[in-house]
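Values reported hereafter were calculated over all heavy atoms of this structure, with side chains retained and with hydrogens, waters and symmetry mates removed. The shown structure was predicted, so the numbers you read here are calculated from the model rather than taken from an experiment.
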Amino acid sequence: MPMIRANGLEIGYDVTGAGPPLVMLHGATTSGRETFAAQLTPLATAFRLYLPDARGHGRTRWDAADGFQAGWLVDDLTGFVDALGLATFHLAGYSMGGVTAIGFAIAAPERLRTLVVAGVSVEREPRASVTRRLMDPARIRRSDPAWAASLDRTIDAVQGPGAWERLLPAIAEDVAVQREPSARELRAITPPTLVMCGDRDPLVPVGQAWGLSRQVRDGRLFVAPDSGHDVLIARPELANAALHDFYRSTASVARTRADAVTEVPR
């Protein structure tokens with residue numbers, strides 16, 4: 001399990017597969033291997049997969065008492081890919097990781113060969129309200145003891161006692177104040193983009209996912225039937241087929257974009 005120094009953090013990450021680089025960003029409270037459990041095996045046959053742990057998650061130590069901001073995650077990603085020497089790469093993000101992916105795509109679209117975002121919207125509501133309710137530690141301890149025990153084992157075991165009970169409210173507070181990207185910023189996202197969502201996602205209405213797919217320069221939309229927020233886990237066969245078709249149909253564009261940027265920006 002390698003570690004790399006980037007943006008003032010020691011970032012833990014997993015790496016597997018062979019092929020062009022694909023960086024995969026997990027959702028809040030989880031890890032890359034959990035978020036993308038159903039996608040790793042098929043994707044590893046075509047890509048070199050990099051799965052970094054976000055700050056405060058997994059092996060990347062960070063105490064949310066010192067704050068938590070989506071913009072910091074974009075900076076962490078930039079530092080991570082720079083440290084790896086990746087001038088261009090494919091990028092995929094789920095939920096919190098999708099917010100990070102969109103932020104990076106706005107800041108440095110030329111470095112992306114393709115972009116996939118799942119379970120994410122650029123609009124604040126209903127994400128903020130639902131996140132605030134779901135990430136209330138008192139509610140989790142009271143109503144979802146199995147999840148609380150899992151967070152004790154996975155987050156607190158590495159980050160320290162009480163870490164997740166500081167992390168989750170900090171994430172929810174950040175979601176409530178995240179700046180919504182402008183139409184011009186979204187239009188500047190030039191890589192081929194796949195937006196994925198479930199038709200019953202309480203955080204991301206289908207209309208918002210559709211809107212995002214239309215606002216980026218070259219967008220596509222995949223909606224999984226009978227699926228909530230965990231679209232990649234709930235309907236893995238459909239999600240994997242959509243990913244396969246997307247990467248196959250955009251391969252020539254991805255190669256052209258890779259050839260256009262050959263050095264890591266300084």
Is [Y] reachable from [X] through a run of I, L, V, M, F, W or Y residues, each pair having side-chain heavy atoms under 4.5 Å apart?
X: Val253; Y: Leu221; result: no
X: Val120; Y: Ile106; result: yes
X: Val223; Y: Val117; result: yes
X: Tyr94; Y: Leu168; result: no
X: Phe36; Y: Ile102; result: no

Minimum heavy-atom separation for [X] and [Y], please, with both atom names.
X: Pro126; Y: Pro202; value: CG-O, 3.4 Å
X: Thr60; Y: Asp53; value: OG1-O, 2.7 Å
X: Ala128; Y: Val175; value: CA-CG1, 3.7 Å
X: Pro205; Y: Leu203; value: CD-O, 3.6 Å
X: Trp62; Y: Gln159; value: N-OE1, 3.0 Å
X: Arg127; Y: Thr131; value: O-OG1, 2.7 Å

Counting C-beta onward and ignoring hydrogens, is there a side-chain heavy-atom pair between [X] and [Y] closer than 4.5 Å?
X: Ile189; Y: Pro191; answer: yes
X: Val204; Y: Leu212; answer: no
X: Asp14; Y: Arg59; answer: yes
X: Thr88; Y: Arg257; answer: no
X: Pro52; Y: Ile4; answer: no

Donor-acceptor check, side chain of [X] to backbone of [Y], threshold 3.5 angstrom: yes or no?
X: Arg48; Y: Gly17; value: yes
X: Glu185; Y: Gly103; value: no
X: His26; Y: Ala54; value: yes
X: Thr256; Y: Ser252; value: yes
X: Thr35; Y: Gly32; value: no
X: Glu165; Y: Gly162; value: no
X: Ser150; Y: Ala146; value: no
X: Arg61; Y: Val158; value: yes
X: Gln39; Y: Asn240; value: no
X: His244; Y: Ala242; value: no

Apply salt bridge (charged side-chain N to carboxylate O under 4.0 Å, His left out) to residues Arg139 and Asp144 and explain how you reach the verdict.
CA-CA 7 Å; Arg139 184 201 67 81; Asp144 199 344; 5.2 Å; no
Arg217 side chain to Thr190 side chain, donor-acceptor N/O pair below 3.5 angstrom
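On atom types as modelled, these side chains do not qualify, holding no pair under 3.5 Å.
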So that I can tick it off, tell me whether Asp82 and Arg111 are bridged by a salt bridge, with the cut-off set at under 4.0 angstrom between side-chain N and carboxylate O.
yes
So, are Arg220 and Asp218 salt-bridged, with charged N and O less than 4.0 Å apart?
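Looking at Asp218 together with Arg220, the answer is yes, because their closest N to O distance falls below 4.0 Å.
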Go through the structure and list residues passing side chain to side chain contact (heavy atoms under 4.5 Å, CB included) with Ala65, not counting sequence neighbours.
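With neighbours one apart ignored, the set is Asp63, Arg166.
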Spacing of [X] atom [atom1] and [Y] atom [atom2] [to the nearest 0.5 Å]:
X: Leu134; Y: Trp147; atom1: CG; atom2: CH2; answer: 6.5 Å
X: Thr250; Y: Arg255; atom1: OG1; atom2: CZ; answer: 9.5 Å
X: Met135; Y: Glu173; atom1: CE; atom2: CD; answer: 12.0 Å
X: Ile233; Y: Thr30; atom1: CD1; atom2: OG1; answer: 7.0 Å
X: Ile171; Y: Trp164; atom1: CD1; atom2: CH2; answer: 12.0 Å
X: His57; Y: Leu73; atom1: NE2; atom2: CG; answer: 8.5 Å

Does the pair Cys197 and Val206 meet the rule for a side chain to side chain contact (heavy atoms under 4.5 Å, CB included), with working shown?
CA-CA 7 Å; Cys197 73; Val206 171; 4.2 Å; yes
Does the side chain to side chain contact (heavy atoms under 4.5 Å, CB included) test come out yes or no for Leu151 and Leu167, once each step is laid out?
CA-CA 11 Å; Leu151 294 169; Leu167 176 65; over 6 Å; no
Taking the ring of Phe222 and the ring of Phe246, is the distance between their centroids below 6.0 Å?
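They do not qualify: ring centres at least 6.0 Å apart.
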Does atom CD (Glu180) have a neighbourhood of more than 12 heavy atoms from anything else shown, all under 6.0 Å?
yes
Could you check whether atom CH2 of Trp210 has more than 12 heavy atoms from other residues, nucleotides or ligands sitting under 6.0 Å from it?
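No, not enclosed.
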Residue list, ring pair (Phe, Tyr, Trp, His ring centres under 6.0 Å) with Phe89, at least two apart or on another chain
Phe104
Restricting to ring pair (Phe, Tyr, Trp, His ring centres under 6.0 Å), what partner residues turn up for Tyr13, sequence neighbours left out?
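Tyr13 satisfies ring pair (Phe, Tyr, Trp, His ring centres under 6.0 Å) with Phe80 once adjacent residues are dropped.
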With Leu91 as reference, evaluate Leu25, Val116, Thr100, Thr114 under the side-chain contact (heavy atoms from CB on, under 4.5 Å) test and give the passing residue.
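Passing option: Leu25.
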Does the pair Leu43 and Tyr247 meet the rule for a side chain to side chain contact (heavy atoms under 4.5 Å, CB included), with working shown?
CA-CA 10 Å; Leu43 288 177; Tyr247 288 125; 4.0 Å; yes
Please walk me through it: do Leu86 and Val264 pass side chain to side chain contact (heavy atoms under 4.5 Å, CB included)?
CA-CA 6 Å; Leu86 301 180; Val264 174; 5.8 Å; no
